Amino acid sequence: MTINPTRRAALAAPLLLGAAACSQEIGERPLRGADTHAAGYPTVQAVDYFGELLSQRTDGRLRLRNYPGGQLGGEGDTLEITMFGGLDVNRVNLAPLNVIEPTTFVPALPFLFSTTDHMRRSLDGEPGRAILETLRPHGLIGLCFYDSGQRSFYNRVRPVRTPEDLRGMKIRVQPSDLYVAMVSALGANPTPIPFGEVYQALVQGVVDGAENNMPSYDDTRHHEVARYYTATGHVMAPEAFVMSRRTWDRLTPADRDLVMECANESVPYMREIWDAREASARQNVIDAGCELIEDVDVEPFRALMAPVWERFIVSDLQQRLVRDIQAME
Ligand code: GTR
């Protein structure tokens, strides 16, 4: 993977940090992690919890220093840093992983999962494990998936009830071809922008809207600018918690088991916080005066997604994963 010049500056500081870190043994320094979300967001809390478990179970020998709020850069950048070993762990959405590993398109397919329960069972089960395993050749160990709810469209222009209402709108998407194709298929104009820059893009009218889950819509204050939220729930792609393979390879087998154990235990913890946060975020945005369009008929949206599935699901492995997930409904 090549790093373009504009990203070099963003990468430089943490890479230096990483170089210094690499000369120290694991255990002499804390493991370092990153999250694009602010402190207190459920993913950050889950990874902090993972760190606490790890520290308790090793009497502080293994501990974590997590850098939330996108301090170390956008998810694409921090993922590269993790692949190079400059960060030990990272919590990212599936979208930046789409760029490096095609199996990760599967759980990001629009309207693949029918319910939250279907999504959780699929990712806890064999399909989820198989997808995490495909990250290994890219220098990443997939530790676990966390919930990311249902992504839905919001905008500052008008209430959206049909794909027709979205037509021509400039919609921010995550930097992933799948999201670009999805929004194009709905007749809108996709604009890939890193998460941390979306608020300004909305304020300045660079984009008319975006799509995300309710806690992100609330937490980022996008709802202050884009008042219309339509519960399309089109994507239920999870969050991924990964470890750099370089770090993993330096752990003892017993420590690897412990890392996996603590990651797995952080999943139910995260889900509990997540469910509560979804409810409180919904209430917050209602209180803030946003218009929630929750009785939307999603069938016309779903009907336009066939070409997206066809374009991104091409290999035997991807097709098998899709079939297995559908069979678990
Ligand atoms: C959030 C997700 C972030 C990031 C963000 C985005 O739901 O938790 O990791 O992917 O969406 O839209 O960029």
Side-chain angles (χ1 to χ4, degrees), residues 33-48 66-82 87 89-100 104-105 107-108 110 113 116 119 123 140 142-155 170-180 182-183 190-202 206-207 209-223 225-226 229 231-242 266-267 270-271 273-275 277-278 281-282 285:
D35 198 309
T36 193
H37 282 293
Y41 190 84
T43 53
V44 180
Q45 289 193 58
V47 171
D48 286 346
N66 200 8
Y67 294 82
Q71 292 172 58
L72 300 184
E75 292 189 341
D77 291 340
T78 60
L79 193 63
E80 283 184 18
I81 296 168
T82 312
L87 276 167
V89 290
N90 201 350
R91 195 294 308 164
V92 290
N93 192 258
L94 270 199
L97 290 163
N98 289 169
V99 179
I100 61 167
T104 64
F105 284 131
F113 299 112
T116 300
M119 178 269 293
L123 297 172
L140 297 168
L143 298 178
C144 62
F145 288 119
Y146 293 131
D147 279 34
S148 192
Q150 316 193 343
R151 295 182 80 94
S152 290
F153 288 101
Y154 50 90
N155 79 89
K170 280 175 284 169
I171 300 293
R172 177 271 169 170
V173 291
Q174 300 187 86
S176 153
D177 289 348
L178 177 87
Y179 285 85
V180 171
M182 177 185 75
V183 166
T191 308
I193 299 178
F195 191 50
E197 292 163 33
V198 183
Y199 182 83
Q200 273 311 318
L202 283 166
V206 173
V207 290
E211 47 88 57
N212 219 317
N213 54 47
M214 192 61 88
S216 293
Y217 177 55
D218 176 34
D219 216 59
T220 54
R221 310 183 87 90
H222 293 177
H223 67 277
V225 194
Y229 188 96
T232 44
H234 50 271
V235 165
M236 281 201 225
E239 315 286 5
F241 183 40
V242 297
S266 70
V267 175
M270 193 276 176
R271 286 179 182 165
I273 305 174
W274 181 259
D275 291 343
R277 179 62 76 98
E278 274 194 325
R282 180 174 173 279
V285 305

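Remember, it's a predicted structure, so these values are computed and weren't measured experimentally. Just follow the structure's listing: the first ligand is 1, and inside any ligand the first atom is 1.
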- Taking the side chain as every heavy atom from C-beta outward, state whether T82 and V92 have any atom pair closer than 4.5 Å. no
- Between S152 and Y217, do the side chains contain an N or O donor and an N or O acceptor separated by less than 3.5 Å? no
- Task: Considering only NZ, NE, NH1 and NH2 on the basic side and carboxylate oxygens on the acidic side, decide whether R91 and E75 come within less than 4.0 Å.
- Result: yes
- Task: Decide whether an N or O pair under 3.5 Å exists between Q174 and ligand 1.
- Result: yes
- What protein heavy atom sits nearest atom 1 (C) of ligand 1, and how far away is it? N212 OD1, 3.5 Å
- Message: Taking 4.0 angstrom as the limit and counting only heavy atoms of S148, give me the atoms of ligand 1 inside it, by number and element.
- Response: 7 (O)
- Query: Quick one: do D219 and R277 make a salt bridge, cutoff under 4.0 Å?
  - Reply: yes
- Message: Can you name the atoms of ligand 1, numbered from 1 with element, that are less than 4.0 Å from a heavy atom of S216?
- Response: 1 (C), 7 (O)
- Can you tell which part of R172 has a heavy atom less than 4.0 Å from ligand 1: side chain, backbone, both or neither? side chain
- Query: Would you say Y41 and ligand 1 have an N/O pair spaced under 3.5 Å apart?
  - Reply: no
- Item | atom 8 (O) of ligand 1: the protein heavy-atom neighbour that sits closest, reported with distance to 0.1 Å | E239 OE2, 2.5 Å
- Please work out whether any backbone atom (N, CA, C, O) or any side-chain heavy atom from C-beta onward of N213 is under 4.0 Å from ligand 1, and answer side chain, backbone, both or neither. side chain
- Between Y154 and H222, does any side-chain donor sit less than 3.5 Å from a side-chain acceptor? yes
- Query: Can you find a heavy atom in the side chain of N93 that is under 4.5 Å from one in the side chain of F195?
  - Reply: no
- Student check: side-chain heavy atoms of M182 and E211 closer than 4.5 Å: yes
- Between T78 and Y67, a side-chain donor and acceptor under 3.5 Å: no
- Atoms of ligand 1 less than 4.0 Å from T36 heavy atoms? 3 (C), 9 (O)
- Minimum-distance protein heavy atom relative to atom 9 (O) of ligand 1: E75 OE2, 2.4 Å
- Message: I'd like to know if H37 contacts ligand 1, where contact means a heavy-atom distance under 4.0 Å to any ligand atom.
- Response: yes
